[in-house]
Every structure is written in structure tokens, then in C-alpha cells.
Amino acid sequence: MGSKDMDLIDEDGKRLDGREYDELRPISIEAGVLKRADGSAFINWGKNKIMAAVYGPREMHPRHAQDPSKAVVQARYNMAAFSVPDRKRPGPDRRSVEIGKILSEALDEIIFVEQYPRSTIDVFIEVLEASAGTRCAGLTVASVALSDAGIPMSDMIASCAAGKIDGQVVLDLGKNEDNYGQADVPIGLVPRTDELTLLQMDGDLTEEEYEQAMELAMDACHDIYKKQKDALRERYSTDLEEQEFEEIPQEGIEEG
Ligand code: UDP
């Protein structure tokens with residue numbers, strides 16, 4: 001959270017990009033976009049573009065890292081060098097290691113990891129374009145990719161942030177709001193049970209503001225959950241249609 005030196009909300013209560021305080025940026029999700037991964041999905045969230053790919057479950061290497069009682073979920077969060085205005089130095093850094101860790105822990109909560117002892121489930125989250133809120137978009141799209149991979153799970157995780165700008169609690173902070181706002185609270189929600197699998201806070205909120213932020217973010221997660229399910233529905237209904245209308249080879253059939 002940076003110091004405030006620009007107005008983030010105008011006299012009509014509109015934000016820099018014209019949104020209301022409780023409005024998400026536009027979100028679209030597509031499932032099953034990569035051929036060779038076991039599961040995949042792509043998300044466009046505001047100006048964020050993120051790909052998620054899942055490999056596994058497969059035997060964990062090195063062996064000493066295996067857990068005899070369950071699969072180890074390894075989410076790797078990576079920002080492409082060209083994903084941000086100042087070229088991002090390729091490779092892991094403190095921030096991406098932290099995000100990988102918290103996303104792995106969140107996903108471990110929903111996957112039935114006990115079914116796959118000594119295995120690993122790899123989740124690659126590749127940020128191609130970043131504009132604030134990438135951990136939430138990453139967790140949202142990773143859940144869809146895991147479903148696409150057919151990994152047994154209790155539910156998906158829907159994720160988004162709420163925070164404070166110009167003294168007001170708002171949903172889903174954009175880049176300038178993140179830079180010049182006063183607080184950012186990303187959450188990950190299991191919509192069926194309303195359990196939280198991710199909760200972080202950058203900046204300060206009063207108890208009342210925190211309650212408001214949680215309410216905004218949780219409601220939004222339920223909307224995002226619908227988009228996740230729609231993406232999966234779309235993926236599998238399209239496949240069925242393609243199969244149904246697949247052309248029958250015509251070789252050897254003479255006309256007339
Ligand atoms: N960012 C950047 N360079 C970096 C890391 C982050 O420009 O090396 C930007 C990027 O747009 C990111 C935003 O800062 O989305 C906010 O980063 P934060 O650490 O708050 O995580 P996020 O909100 O993306 O989960």
C-alpha cells in the first residue's frame with residue numbers, strides 16, 4: 001500500500017475505471033485450453049491474463065520429498081518477464097515463493113490428497129499480464145484447471161480481494177488502487193461451506209471496515225464461483241457437441 005497522492009474515487013462515488021465500490025472487474029474463464037497438460041484453464045480478469053496447468057497426480061521425485069500419507073500439492077506462481085511495466089527479472093523471488101506457498105496450502109484444503117500417497121500434484125500458474133489481484137485470479141483459475149484434470153476435490157476455491165481506497169471499503173482493487181490505496185485483503189473461499197482457505201491483509205482496516213470488506217469479497221466469490229462452473233460446463237458441453245456432429249469419413253462412398 002503506497003502513500004495517497006491521487007484521487008481514487010470521484011464525487012459521484014465512481015472509481016478510476018468507472019466501477020462502483022462493489023463491482024468486480026470483468027472476468028472470463030476458459031477451461032481445457034492446453035492439450036498436453038492433464039488439466040488447464042485461462043482467466044482474463046480486468047487486465048490480468050493468467051494460465052493454469054495441472055500435471056498429476058504422479059509419483060513424487062525426489063523420493064525423500066514424498067509423503068507416505070498423502071499427495072503433495074505444489075503450486076508454482078510465475079510472472080513472465082513481460083507481464084509488468086518494468087521488466088520482471090525471470091525466476092523465483094521472495095514474492096512468488098510466498099504466493100506459491102499460500103496457494104499450495106489453500107489448494108491442499110480442497111483436494112482429496114489422502115487418495116494419492118507418495119504423489120505430487122503440480123499446479124503451474126503463469127501470469128502473462130499482471131494488473132493487481134494476480135494471486136486471487138491465479139487461485140481461481142487453478143481451481144478450474146484442477147477440476148479439468150479430474151482431480152478429486154471437495155469443491156473449487158473462488159478468490160478475490162476487497163480493500164480500502166480514499167477511506168472507503170471497495171471490492172477487487174485495480175493497479176492504481178493497490179498502489180495508492182490503504183488496504184488490500186485477498187481471500188480464498190470454498191463456496192459450498194463458506195470456509196476460508198486464504199486470508200491475507202496488506203495495510204490497515206478497522207474492525208467494522210474488515211467486516212464490510214469480508215462481506216463484499218465473500219459475495220463476489222460466490223459470483224466468481226458461477227463463472228468457474230460455467231467455464232467447466234462450456235468445456236464439456238462443447239466436447240460432447242463436437243463428438244455428436246463429428247463428420248463420418250466419406251472415403252469409398254461413391255455419389256449417385
Ligand atoms: N507487480 C509488479 N512487479 C512485481 C510484482 C508485482 O509490477 O514484481 C504488480 C502486479 O501488477 C501485481 C501488483 O503489483 O499484480 C500487486 O502485487 P501484489 O504483490 O499485491 O500481488 P497481487 O495483488 O497481484 O496478488
Side-chain angles (χ1 to χ4, degrees), residues 1-6 8 15-17 19 21 23-29 41-52 75-107 123-145 157-166 169-189 196-205 209-210 213-214 216-218 220-221 224 227-228:
M1 301 283 101
S3 59
K4 176 172 162 18
D5 56 6
M6 69 190 292
L8 299 169
R15 296 155 68 177
L16 289 176
D17 55 7
R19 279 187 292 156
Y21 77 99
E23 214 178 320
L24 282 167
R25 289 172 285 178
I27 297 175
S28 65
I29 308 172
F42 184 72
I43 192 164
N44 246 305
W45 179 324
K47 291 183 184 136
N48 293 308
K49 288 185 166 49
I50 304 175
M51 179 75 80
R76 192 192 71 154
Y77 169 101
N78 181 53
M79 270 185 143
F82 48 81
S83 65
V84 286
D86 300 319
R87 177 182 176 276
K88 155 84 175 61
R89 190 166 177 267
D93 54 17
R94 267 179 69 113
R95 175 177 172 278
S96 60
V97 171
E98 174 223 315
I99 296 179
K101 182 174 186 294
I102 53 149
L103 299 191
S104 300
E105 287 169 1
L107 294 169
V123 185
F124 295 91
I125 297 163
E126 300 289 333
V127 180
L128 305 179
E129 280 180 16
S131 188
T134 56
R135 73 195 63 205
C136 296
L139 185 53
T140 300
V141 72
S143 299
V144 178
I157 299 174
S159 175
C160 82
K164 185 163 90 165
I165 58 170
D166 283 3
V169 174
V170 297
L171 183 66
D172 186 23
L173 275 64
K175 187 74 184 77
N176 281 322
E177 295 176 335
D178 185 304
N179 283 357
Y180 302 106
Q182 293 118 35
D184 189 15
V185 185
I187 69 163
L189 185 79
L196 290 177
T197 57
L198 169 70
L199 176 59
Q200 297 188 293
M201 181 148 105
D202 187 12
D204 292 312
L205 292 176
E209 286 166 346
Y210 173 80
M214 286 301 283
L216 277 183
M218 284 176 76
C221 282
I224 293 164
K227 292 179 193 285
Q228 292 174 300

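By convention here, the first residue in the shown sequence is residue 1. Read the numbers this way: they start at 1 and go in the same order the structure lists the ligands and their atoms.
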Note to self: Quick check against the 3.5 Å criterion: does N78 have a side-chain atom that pairs as donor or acceptor with the backbone of E126?
What the structure shows: no
Item checked: D178, V84, D93: member with heavy atom nearest to atom 2 (C) of ligand 1 -> V84
Checklist line | Heavy-atom donor-acceptor pair, R15 side chain to L8 backbone, under 3.5 Å | finding: no
Next item on the list: Look only at interatomic distance and state if T134 has a nitrogen or oxygen under 3.5 Å from any nitrogen or oxygen of ligand 1.
Entry: yes
Next item on the list: If you have a sec, work out which protein heavy atom is nearest atom 9 (C) of ligand 1 and how many Å separate them, to one decimal?
Entry: K175 CE, 3.5 Å
Item checked: R19/D17 salt bridge by N-O under 4.0 Å criterion -> yes
Item checked: Check: R95 N/O within less than 3.5 Å of ligand 1 N/O -> yes
Next item on the list: Tell me which protein heavy atom sits closest to atom 23 (O) of ligand 1, plus the residue, atom name and distance to 0.1 Å.
Entry: G133 N, 2.8 Å
Notebook entry, point to check: Taking distance alone, with no angle check, do D184 and ligand 1 share an N/O pair under 3.5 Å?
Noted result: no
Check: Which residue holds the protein heavy atom closest to atom 4 (C) of ligand 1, what is that atom called, and what is the gap in Å?
Finding: M79 SD, 4.1 Å
Margin query: Has E105 got a side-chain atom pairing as donor or acceptor with G100's backbone, closer than 3.5 angstrom?
Written below: no
Next item on the list: Between A132, A161, G138, flag the one that comes closest to atom 12 (C) of ligand 1 by a heavy atom.
Entry: A132
Note to self: For atom 8 (O) of ligand 1, what's the nearest protein heavy-atom neighbour? Residue, atom name and distance, please.
What the structure shows: K88 CD, 4.0 Å
Next item on the list: Evaluate side chain to side chain contact (heavy atoms under 4.5 Å, CB included) for W45 paired with T140, printing each intermediate quantity in order.
Entry: CA-CA 10 Å; W45 179 324; T140 300; 3.9 Å; yes
Next item on the list: Provide the number and element of each atom of ligand 1 under 4.0 Å from a heavy atom of R135.
Entry: 18 (P), 19 (O), 21 (O), 22 (P), 25 (O)
Note to self: Would P85 count as being in polar contact with ligand 1, using the rule that some N or O on each side must be under 3.5 angstrom apart?
What the structure shows: no
Next item on the list: Verify whether one side chain among Q200 and E98 offers a donor that lies under 3.5 Å from an acceptor in the other.
Entry: yes
Note to self: Please enumerate all residues that pass side chain to side chain contact (heavy atoms under 4.5 Å, CB included) together with D204, with sequence neighbours excluded.
What the structure shows: none
Check: Heavy-atom count around K88 NZ within 6.0 Å, excluding the residue itself: above 12?
Finding: yes
Notebook entry, point to check: What part of S131, side chain, backbone, both or neither, has a heavy atom within less than 4.0 angstrom of ligand 1?
Noted result: backbone
